[in-house]
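These numbers come from the heavy atoms of this one structure, side chains and all, not from hydrogens, waters or symmetry mates. For clarity, every value in this text was computed on a predicted model and none was experimentally measured. Just so we're on the same page: letters track the sequence lines, and every chain starts at 1.
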Amino acid sequence: MSPAPNRPLTVLAVCGVGMGSSLILKMNAEKALKSLGVEAKVEHTDVSSARGMRADVAIAQGLHADDLGSVAPVVLPISNFMDVDGLRRQLEEALRAQGWLS
Amino acid sequence: MTAPVIDAVVDVRAADWRGAVHAACAPLVSDGALEPRYPERCIAIAEEHGPYMVLAPGIALAHARPEDGALALCLSAAVLATPVEFGHDQNDPVDVVLAFGSPDDAAHLALLQSLAEHLLDGLADELRLAPDRAAAVRALAAVG
């Protein structure tokens, strides 16, 4: 599965509660994607709700990565939610590997 | 946004991460913004889902859901005298424990956005360097 060229990338930021940590991760992922010039729709949720959702990319703490295999073809474990540069590097590498970023 | 209840404690001696979560929530419980059960829910969620609240090296953000006893939009910080382990594989140990509560699913969005910006601008170090509680409250009040 690859995102159609005519729609934004969908990204799901996930944490245990779906209100705080995942919201901060969402905001910083939006910054990282913007700096990569990637049009994306980033949402945030809790890990239980995430299991019923689909996205192109899921981002979460490493401990949730195993739970998210069915959510997105690309699952990125993020250790530092405040490291926008690190997020950018991880997203860039993954999107290039998928052929979603030239 | 509605003005949040802001509070802080410094030089906190917490025995472990559970004590640190309680310490961060305690001023907001005293202020009437959180019910006493709220920190217990933060801890229960972490016991179920792992240390979701550890955002970055040294920094945790304790929070639960509105229905877990968040009475008002609120934000606090506990600066620990001795860092504690949350069981996070990369971001331990933690010495700045923030806590927030939101009375619904939307009231906190602007506050958290502002918190994220201030954390990127060095808020955690400002809190660490705060000489007393009043200074920590002032640093945190800049967020909301």
S.K.: Is it the backbone or the side chain of A:K26 that comes under 4.5 Å from a heavy atom of chain B, or both, or neither?
M.R.: neither
S.K.: Sort A:D46 into side chain, backbone, both or neither according to what part of it lies under 4.5 angstrom from a heavy atom of chain B.
M.R.: neither
S.K.: Examine B:V21 and B:L71 and state if one hydrophobic cluster contains both, with Ile, Leu, Val, Met, Phe, Trp and Tyr joined whenever side-chain heavy atoms are less than 4.5 Å apart.
M.R.: no
S.K.: Begin from the C-alpha positions of B:H49 and A:C15 and carry the test side chain to side chain contact (heavy atoms under 4.5 Å, CB included) through to its verdict.
M.R.: CA-CA 8 Å; B:H49 292 296; A:C15 79; over 6 Å; no
S.K.: Check for me, please, whether A:V38 and A:V57 land in the same ILVMFWY cluster - side-chain distances under 4.5 Å, paths through other members count.
M.R.: yes
S.K.: Kindly give the heavy-atom pair with the smallest separation between A:L63 and B:P51, and that separation in Å.
M.R.: CD2-CD, 3.5 Å
S.K.: More than 12 heavy atoms of other residues, nucleotides or ligands under 6.0 Å from CD of A:E39: is that the case?
M.R.: no
S.K.: Are B:L98 and B:L112 grouped together when hydrophobic residues (ILVMFWY) are joined by side-chain heavy atoms under 4.5 angstrom apart?
M.R.: yes
S.K.: Give a yes or no on whether B:V10 and B:L129 share a hydrophobic cluster (residues Ile, Leu, Val, Met, Phe, Trp, Tyr; joining criterion: side-chain heavy atoms under 4.5 Å apart).
M.R.: no
S.K.: Has the side chain of A:N80 got a donor or acceptor atom that lies under 3.5 Å from a matching backbone atom of B:N91?
M.R.: no
S.K.: Counting C-beta onward and ignoring hydrogens, is there a side-chain heavy-atom pair between B:R65 and A:V17 closer than 4.5 Å?
M.R.: yes
S.K.: Using a 6.0 Å cut-off, check whether atom CD of B:E85 has over 12 heavy atoms from anything other than its own residue.
M.R.: yes
S.K.: Please answer: with hydrophobic residues joined when any side-chain heavy atoms are less than 4.5 Å apart, are A:L12 and A:L9 in the same cluster?
M.R.: no
S.K.: Can you tell which part of A:S22 gets under 4.5 Å to a heavy atom of chain B, answering side chain, backbone, both or neither?
M.R.: neither
S.K.: Only pairs of heavy atoms separated by less than 4.5 Å count here; which of B:E117, B:M53, B:E48, B:Q113 has the most with chain A?
M.R.: B:Q113
S.K.: Roughly how far, to the nearest 0.5 Å, is the CZ atom of A:F81 from the CG atom of B:L119?
M.R.: 13.0 Å
S.K.: About how many Å separate CG of B:L115 and CD1 of A:I24, when rounded to the nearest 0.5 Å?
M.R.: 4.5 Å
S.K.: Of the non-hydrogen atoms in A:G16 and B:Y52, which two are nearest, and what is the gap between them?
M.R.: N-CB, 3.6 Å
S.K.: Examine whether an atom of B:I59 lies under 4.5 Å from a heavy atom of chain A, and if so say whether it belongs to the side chain, the backbone or both; otherwise answer neither.
M.R.: neither
S.K.: Ignoring hydrogens, what is the shortest heavy-atom contact between A:G20 and B:L61? Give both atom names and the distance.
M.R.: C-CD2, 4.2 Å
S.K.: Are side-chain heavy atoms of A:Q61 and B:D89 found at a separation under 4.5 Å?
M.R.: no
S.K.: Look at A:M27, A:M82, A:M19 and state which one has the largest set of heavy-atom pairs under 4.5 Å with chain B.
M.R.: A:M19
S.K.: Given side chain to side chain contact (heavy atoms under 4.5 Å, CB included), test A:L25 with B:L55 step by step and report yes or no.
M.R.: CA-CA 9 Å; A:L25 182 58; B:L55 292 184; over 6 Å; no
S.K.: Report which part of A:V14 has an atom under 4.5 Å of a heavy atom belonging to chain B: side chain, backbone, both, or neither.
M.R.: neither
